[in-house]
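Let me begin by presenting the structure, written as structure tokens, before commenting on it.
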Amino acid sequence: MTNSSAAAVAVAVSVAIIAAAALSLAHRQCIFCKIVARLVPATIVFEDDDLLAFTDIRPLAPLHVLVVPKQHIRDCTHLTSQHLPLLHAMKSAAKNVIASYSAQNQQEKTSDAASRVVTEFTVGFQRPPFNTINHLHCHVTSQPLHPNVSVMRKLIIQHGFVPLDDIIRKLE
């Protein structure tokens, strides 16, 4: 190993140690906090100072991205009117993700006449007890869902889903 590659490894290890130390004890088990801290890999599609968006590891549709706040908030039932700026930022991030996906989808359609341009998207949260990760995350999903999504999963999505705009209206 050369001196420069050893130094690069040392820097990467130091960054990981600092990131791990920055996580509070309460959030060390949260997979999304680990992704935000770059302790767990993810395919990141958007980031700003307050939010991170990455592809879902079990996508329900061709586009299935999760927009998460970098600050740990348990779920959508813990939101107050003080979170409205964050929710508006999440909505803006979702729009950016959709715009990027739509542009890519349109480009692919022009090269493949059989493909279909996706124009419908859902943006929102799974409320407890239907959420699987206790870190606020907004699903950005193209419609329709993949045909292989189970009936049970579709029912959970249907009954546990709260659109982002509904939460914003409720808190305003």
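Reckoned from all heavy atoms, side chains included, excluding hydrogens, waters and symmetry mates.
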Does the side chain of [X] reach to within under 4.5 Å of the side chain of [Y], using non-hydrogen atoms?
X      : Y      : answer
Val68  : Ile35  : no
Ile167 : Phe125 : yes
Ser81  : Glu172 : no
Lys91  : Asp165 : yes
Gln143 : Thr141 : yes
Thr77  : Pro128 : yes
Leu136 : Met90  : yes

**Message:** Please determine whether the number of non-hydrogen atoms from other residues, nucleotides or ligands lying under 6.0 Å from atom NZ of Lys95 exceeds 12.
**Reply:** no
**Asked** With a cut-off of 6.0 Å (strictly less than), are more than 12 heavy atoms of other residues, nucleotides or ligands near CD of Gln82?
**Response** no
Do the side chains of [X] and [Y] join up, straight or via other hydrophobic residues, at under 4.5 Å, putting them in one cluster?
X      : Y      : value
Leu60  : Phe121 : no
Leu164 : Phe130 : no
Val140 : Leu86  : yes

Show the atom names and distances, to 0.1 Å, of all donor-acceptor pairs under 3.5 Å that link a side chain in residues 48-55 to residues at least two apart or in another chain.
residue	atom	partner	partner atom	Å
Asp48	OD1	Asp50	N	2.9
Asp48	OD1	Leu51	N	2.7

Looking only at atom types and distance, does a side-chain atom of [X] sit under 3.5 Å from a main-chain N or O of [Y], one as donor and one as acceptor?
X      : Y     : result
Ser100 : Asn96 : yes
His72  : Phe32 : no
Arg38  : Val36 : yes

Please round to the nearest 0.5 Å and tell me the distance separating atom [atom1] of [X] and atom [atom2] of [Y].
X      : Y      : atom1 : atom2 : answer
Leu66  : Asp56  : CG    : CG    : 4.5 Å
His83  : His78  : NE2   : NE2   : 10.0 Å
Arg153 : Asn148 : CZ    : CG    : 9.5 Å
Leu84  : Leu79  : CG    : CG    : 9.0 Å

**Message:** For a side-chain contact (heavy atoms from CB on, under 4.5 Å) check, start with the C-alpha distance between Cys33 and His135, then their side-chain angles and the critical distance, and finish with the verdict.
**Reply:** CA-CA 8 Å; Cys33 287; His135 183 126; 3.5 Å; yes
**Request:** Any ring pair (Phe, Tyr, Trp, His ring centres under 6.0 Å) involving residues 138-172? Give me the pairs, sequence neighbours left out, ordered by first then second residue.
**Result:** His64-His139, His137-His139
**Request:** Identify the two heavy atoms, one from Gln126 and one from Ile156, that lie closest to each other, and give their separation to 0.1 Å.
**Result:** NE2-O, 3.4 Å
**Pro62 versus Pro144, closest heavy-atom pair with distance** = CD-O, 4.2 Å
**Prompt:** So among Ile98, Val123, Val45, which one has a side-chain contact (heavy atoms from CB on, under 4.5 Å) with Val65?
**Reply:** Val45
